[in-house]
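This one's a predicted model, so the numbers in the text were calculated from it and none came from an experiment. Hydrogens, waters and symmetry mates are skipped; everything else that's a heavy atom, side chains included, is used. Protein chains get the first letters and strands the later ones, always in sequence-line order, with residue 1 at the start of each.
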Amino acid sequence: MGLLSRPPTAFEERVYAALREIPRGRVVTYAVLAQHLNCRSAQAVGQALKRNPFAPDVPCHRVIRSDGFLGGYAGKLRGERVERKRNILARESVRFDEDGRLRDEGCLWRWED
DNA sequence: CGCAGATGGCTAG
DNA sequence: CTAGCCATCTGCG
């Protein structure tokens, strides 16, 4: 029972639906995701992701920052959880530099809006 | 380089 | 309704 026993809002469902469209081995930035959702706030997207990192169906690990850095994971900006995020992405053939910056920008997913 | 402000949606009171 | 949060972004010094 978690602290997250709250029904998802319409906005959150939009975020999750968009995340599912991202194929394995690709990543999106908070800004691009927000833009696809017709939302001008990348922070709102990040906040929605923070509240629901519980579902394996929702690949919240495929969302990074616009500058190519990993960003946060499971509520943390740095530390072991972010390392886990990098590990998961590495498993999907998405490699990062030592600093934590995305190597191949070709992994960035784009929508056809 | 670092920091403050903008930004939009969500939660708590 | 208001005020404050956010896993960001941009611009300014």
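- Ionic pairing of A:R101 and A:D99 is not present here: no N-O contact between side-chain nitrogen and carboxylate oxygen is shorter than 4.0 angstrom.
- Close to B:dG8, at under 4.0 Å from its OP1 or OP2, lies a side-chain N or O of A:R40.
- When rounded to the nearest whole Å, the span between OH of A:Y30 and C1' of C:dT10 equals 17 Å.
- A:Y73 and A:H61 have perpendicular rings, their planes meeting at more than 60° on a 0 to 90° scale where under 30° would count as parallel.
- Taking atom NZ of A:K76 as the reference point, atom C1' of C:dC6 lies 14 Å away to the nearest angstrom.
- When side chains are defined from C-beta on, A:V45 counts as touching A:F11, because their heavy atoms get closer than 4.5 Å.
- Within the 4.0 angstrom heavy-atom criterion, base atoms lie near A:G75.
- Applying the 4.0 Å criterion to OP1 and OP2 of C:dT8, one finds that A:S66 has every side-chain N and O outside that range.
- The pair A:E92-A:R62 meets the salt-bridge criterion, with a side-chain N (NZ, NE, NH1 or NH2) lying under 4.0 Å from an Asp/Glu carboxylate O.
- Straight-line distance from the CG atom of A:L77 to the P atom of C:dC9: 12 Å, rounded to whole Å.
- Side chain of A:K85 to main chain of A:G72: a donor-acceptor pair is present (N/O by atom type, distance under 3.5 Å, no hydrogens or angles).
- Rounded to whole angstrom, the span from the CD atom of A:Q35 across to the P atom of C:dC9 amounts to 12 Å.
- Using a 4.0 Å heavy-atom criterion, one finds that A:L49 contacts the bases of the nucleic acid, with or without backbone contacts as well.
- With rounding to whole Å, A:N38 atom CG is found 17 Å from B:dT7 atom P.
- You'll find that the side chain of A:A44 is closest to B:dG8, out of C:dA7, B:dG8, B:dT11.
- Each of B:dG8, C:dC9, B:dC10 was ranked by its minimum atom distance to the side chain of A:S41; first place goes to B:dG8.
- Rounding to whole angstrom units, CZ of residue A:R65 and P of C:dC6 are separated by 16 Å.
- Whole-Å rounding puts the A:Q47 CD to C:dG4 C1' distance at 10 Å.
- Atom CG of A:L102 and atom C1' of C:dA7 are 17 Å apart (whole Å).
- Within the shown strands, nothing qualifies as a pairing partner of C:dA7 under the Watson-Crick or G-U definition with both distances less than 3.5 Å.
- The base of B:dG8 lies outside donor-acceptor range of the side chain of A:Q43, with no N or O pair under 3.5 Å.
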